[in-house]
Chemist: 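Before we start, here is the structure in question, set down as structure tokens.
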Amino acid sequence: MRQYVVDAFTDRVFTGNPAAVCVMERWLPEDIMQKIAMENNLSETAFAVPEGGGYHLRWFTPGGEVELCGHATLATAYVIVRFVEPGLQQVSFDTLSGRLTVKKEGEWLTMDLPSFALSPVPVTAELTAALGVTPVEAYLGADLVCVLAEEELVRQVQPDQERIRQMEGLCLHITALGKEYDCVTRTFAPKCNVAEDPVCGRAHCHVIPLWAHKTGKQVWTAYQASPRGGVLHCRWEGERTMLSGKAALFSQADLLIESTGL
């Protein structure tokens with residue numbers, strides 16, 4: 001089985017967020033897909049199967065399957081329009097988060113993703129201890145989002161992963177308004193066995209709606225301030241958030257799964 005590793009939200013390898021992508025004729029057993037994700041040990045491995053004129057897409061972290069992953073969706077679309085169906089300008093995916101579409105616009109891929117609804121939650125002493133800094137505000141959707149006072153604090157945080165593991169939400173995102181970019185964000189996901197996600201589309205389906213509500217600004221250029229870094233062009237459209245990014249191919253490989261008996 002062919003597997004691609006694609007760096008998403010970047011135009012050069014060794015930056016952005018790497019995702020493994022397998023486009024298959026049929027589904028593998030779920031435990032085999034999970035084992036492949038664990039073997040890859042990337043924040044996400046995506047599996048896609050043609051279905052109904054589009055594709056059925058699933059995402060696996062080393063810690064289990066998730067209901068939405070932006071960077072692996074972008075990486076899968078990149079693989080399909082470049083290698084599987086060259087010349088295709090739009091890809092549709094059926095997922096646990098409903099129908100997602102990705103449009104090719106020159107070198108950019110634009111994803112139509114759901115916006116997460118957020119509710120304010122208290123800034124607790126435990127949250128401050130987990131981050132080593134007191135957030136200005138905190139919100140809970142599918143993930144926990146903390147607003148920090150300034151960009152430098154986002155870049156400097158060295159979180160306590162075990163404390164984060166005990167908190168609500170699948171992931172924890174920290175964000176602040178930026179200087180060179182409109183906002184900066186970092187993402188921690190110890191529940192998925194991912195200490196820090198390098199560039200997280202899912203995060204921006206939380207933070208872009210939040211910043212849009214707070215400022216009235218709908219179009220954002222966002223930066224994920226992880227060591228690898230990545231840029232996202234974002235547009236908030238109410239219940240949907242549009243995320244655009246580039247991608248770079250790192251590798252192609254054949255997975256030798258004969259030993260599984262499949």
Side-chain angles (χ1 to χ4, degrees), residues 8-10 15-17 43-44 61 63 66-72 113-215 217 220-234 236 241 243 245:
F9 297 118
T10 183
T15 61
N17 197 351
S43 58
E44 216 77 41
T61 74
V66 296
E67 87 283 9
L68 180 66
C69 177
H71 87 278
L113 303 178
S115 301
F116 285 99
L118 296 170
S119 299
V121 294
V123 174
T124 62
E126 185 65 16
L127 189 51
T128 296
L131 296 176
V133 62
T134 301
V136 176
E137 299 169 330
Y139 298 85
L140 182 64
D143 302 339
L144 188 59
V145 179
C146 293
V147 177
L148 302 190
E150 56 187 19
E151 175 180 342
E152 288 74 15
L153 294 175
V154 173
R155 294 177 179 274
Q156 293 168 7
V157 162
Q158 297 183 8
D160 184 322
Q161 297 285 341
E162 286 308 310
R163 288 181 186 270
I164 292 174
R165 193 187 296 273
Q166 304 306 316
M167 293 180 177
E168 294 185 272
L170 182 65
C171 307
L172 171 62
H173 314 295
I174 58 174
T175 187
L177 294 175
K179 297 175 182 177
E180 181 181 357
Y181 300 93
D182 294 322
C183 65
V184 295
T185 300
R186 289 174 68 194
T187 296
F188 309 105
K191 292 178 185 177
C192 300
N193 291 338
V194 177
E196 179 166 3
D197 196 26
V199 191
C200 185
R202 175 192 179 99
H204 290 81
C205 292
H206 287 77
V207 303
I208 295 303
L210 173 61
W211 287 123
H213 277 295
K214 291 172 73 65
T215 66
K217 177 181 170 70
W220 292 75
T221 301
Y223 183 71
Q224 188 102 19
S226 70
R228 291 177 63 100
V231 177
L232 308 89
H233 290 187
C234 313
W236 178 66
T241 298
L243 302 181

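Each residue takes its place number in the sequence, starting with 1.
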Chemist: Could you pull out the closest heavy-atom pair between V194 and S43, with the gap in Å?
Modeler: CG2-CA, 3.7 Å
Chemist: Can you tell me how far CG of L210 sits from OG of S115, rounded to the nearest 0.5 angstrom?
Modeler: 11.5 Å
Chemist: So do the side chains of T221 and V231 get within less than 4.5 Å of each other, counting heavy atoms only?
Modeler: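 Of all side-chain heavy-atom pairs linking V231 with T221, at least one is under 4.5 Å.
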Chemist: What's the separation between atom CG in L177 and atom CH2 in W220, rounded to the nearest 0.5 Å?
Modeler: 5.5 Å
Chemist: Looking only at non-hydrogen atoms, find the nearest pair between G230 and L232 and report the distance.
Modeler: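 Taking every non-hydrogen atom into account, O-CD1, 4.1 Å.
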Chemist: State the CD-CG distance between E168 and L127, to the nearest 0.5 angstrom.
Modeler: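 Rounded to the nearest 0.5 Å, the CD-CG separation comes to 11.0 Å.
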Chemist: How close do L68 and P114 get, heavy atom to heavy atom, and via which atoms?
Modeler: CD2-CG, 4.1 Å
Chemist: Show every donor-acceptor pair shorter than 3.5 Å between a side-chain atom in residues 140-148 and any protein atom, with sequence neighbours excluded, or say none if there are none.
Modeler:
| unit_1 | atom_1 | unit_2 | atom_2 | d |
| --- | --- | --- | --- | --- |
| D143 | OD1 | C171 | N | 3.3 |
| D143 | OD1 | R202 | NE | 3.2 |
| D143 | OD1 | R202 | NH2 | 2.9 |
| D143 | OD2 | H173 | NE2 | 2.8 |
| D143 | OD2 | R202 | NE | 2.7 |

Chemist: Give, for atom CZ of R155 and atom OH of Y223, the distance between the pair rounded to the nearest 0.5 Å.
Modeler: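 OH of Y223 is found 6.0 Å from CZ of R155.
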Chemist: For T185 and V154, which heavy atoms make the closest approach, and how far apart are they?
Modeler: C-CG1, 4.2 Å
Chemist: Sort out for me which residue in E151, E152, E150 forms a salt bridge (charged side-chain N to carboxylate O under 4.0 Å, His left out) with K179.
Modeler: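 Answer after filtering E151, E152, E150: E152.
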Chemist: Quick one: do R165 and E162 make a salt bridge, cutoff under 4.0 Å?
Modeler: yes
Chemist: Rounded at 0.5 Å granularity, tell me how far CG in D160 sits from CD in Q158.
Modeler: 11.5 Å
Chemist: Quick one, H204 with T241, criterion side-chain contact (heavy atoms from CB on, under 4.5 Å). Give me CA distance, side-chain angles, the key distance, then yes/no.
Modeler: CA-CA 8 Å; H204 290 81; T241 298; 5.7 Å; no
Chemist: With heavy-atom distances below 4.5 Å as the criterion, would you say the side chains of N17 and S226 are in contact?
Modeler: no
Chemist: Supply the atom-to-atom distance I174 CD1 to I164 CD1, rounded to the nearest 0.5 angstrom.
Modeler: 8.0 Å
Chemist: Would a 4.5 Å heavy-atom cut-off, applied to side chains only, mark L172 and L131 as touching?
Modeler: yes
Chemist: Any heavy-atom pair between the side chains of P198 and T15 that's under 4.5 Å?
Modeler: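 The answer is no, as the side chains (C-beta and beyond) never meet within the 4.5 Å cut-off.
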Chemist: After noting the C-alpha distance and the side-chain angles of K217 and W211, does the key distance pass the side-chain contact (heavy atoms from CB on, under 4.5 Å) rule?
Modeler: CA-CA 8 Å; K217 177 181 170 70; W211 287 123; over 6 Å; no
Chemist: Run the numbers on H71 and Q224 for side-chain contact (heavy atoms from CB on, under 4.5 Å), then give the verdict.
Modeler: CA-CA 12 Å; H71 87 278; Q224 188 102 19; over 6 Å; no
Chemist: For the pair E44 and V66, evaluate side-chain contact (heavy atoms from CB on, under 4.5 Å) and give the outcome as yes or no after the intermediate values.
Modeler: CA-CA 9 Å; E44 216 77 41; V66 296; 3.2 Å; yes
Chemist: Between the main-chain N or O of G63 and the side-chain N or O of K191, is there a donor-acceptor pair closer than 3.5 Å?
Modeler: no
